[in-house]
Amino acid sequence: MEKNKDSFVTSQDHAREIFVNAQNNQLRFGVASTAEIEQIRREYIERAQRRIDIYRENEQEHLETMMREIDEQRTEKLRRIKVAYDSNGIQWIDEIFKSIISAD
């Protein structure tokens, strides 16, 4: 399986593979009935759905963590800008004013 494949797609592919294998085994051995195959398919789909739900929850938690980190970084950058402006603001204004006046 590819490393970059989405977990949901991987689960679906795996479910399809198991189902096809079950059908092949039924044809080859004649052991499992259609009802047994259907039961196996239902159980696998339930397990796959649980995995998908867990994946979604993990993705949501990851997204919330990322958003929290971005907010913290933004707050820190704004704080640093304010500190820099408080200590250098007058100089910045003078430099901007000088560059406007001396512009050719």
Around I90, counting heavy atoms of other residues, nucleotides and ligands shown, do more than 12 lie under 6.0 Å from its CD1? no

For Y85, which fellow cluster members are found when Ile, Leu, Val, Met, Phe, Trp and Tyr are connected by side-chain heavy-atom distances below 4.5 angstrom, either directly or through intermediates? W92, I93

Hydrogens and angles aside, do Q91 and E95 bring a side-chain donor and acceptor to less than 3.5 Å of each other? no

CD1 on I40 to CG on N21, rounded to 0.5 Å: 11.0 Å

Can you measure from CD1 (I101) to CD1 (I96) and round to the nearest 0.5 angstrom? 12.0 Å

Any side-chain heavy-atom pair of E17 and D13 under 4.5 Å: no

Salt bridge (Lys or Arg N to Asp or Glu O under 4.0 Å): which pairs involve residues 40-51, sequence neighbours left out? E38-R41, E38-R42

Listing request: all side chain to side chain donor-acceptor pair (under 3.5 Å) pairs with a residue in residues 73-84, at least two apart in sequence or in separate chains. E76-R79, K82-D86

Between the OH atom in Y44 and the CZ atom in R16, the distance rounded to the nearest 0.5 Å is 10.0 Å

Measure the spacing between CE of M67 and CG of L63 and express it to the nearest 0.5 Å. 6.5 Å

Look up atom CG in D71 and atom CE in M66, then write down how far apart they are to the nearest 0.5 Å. 11.5 Å

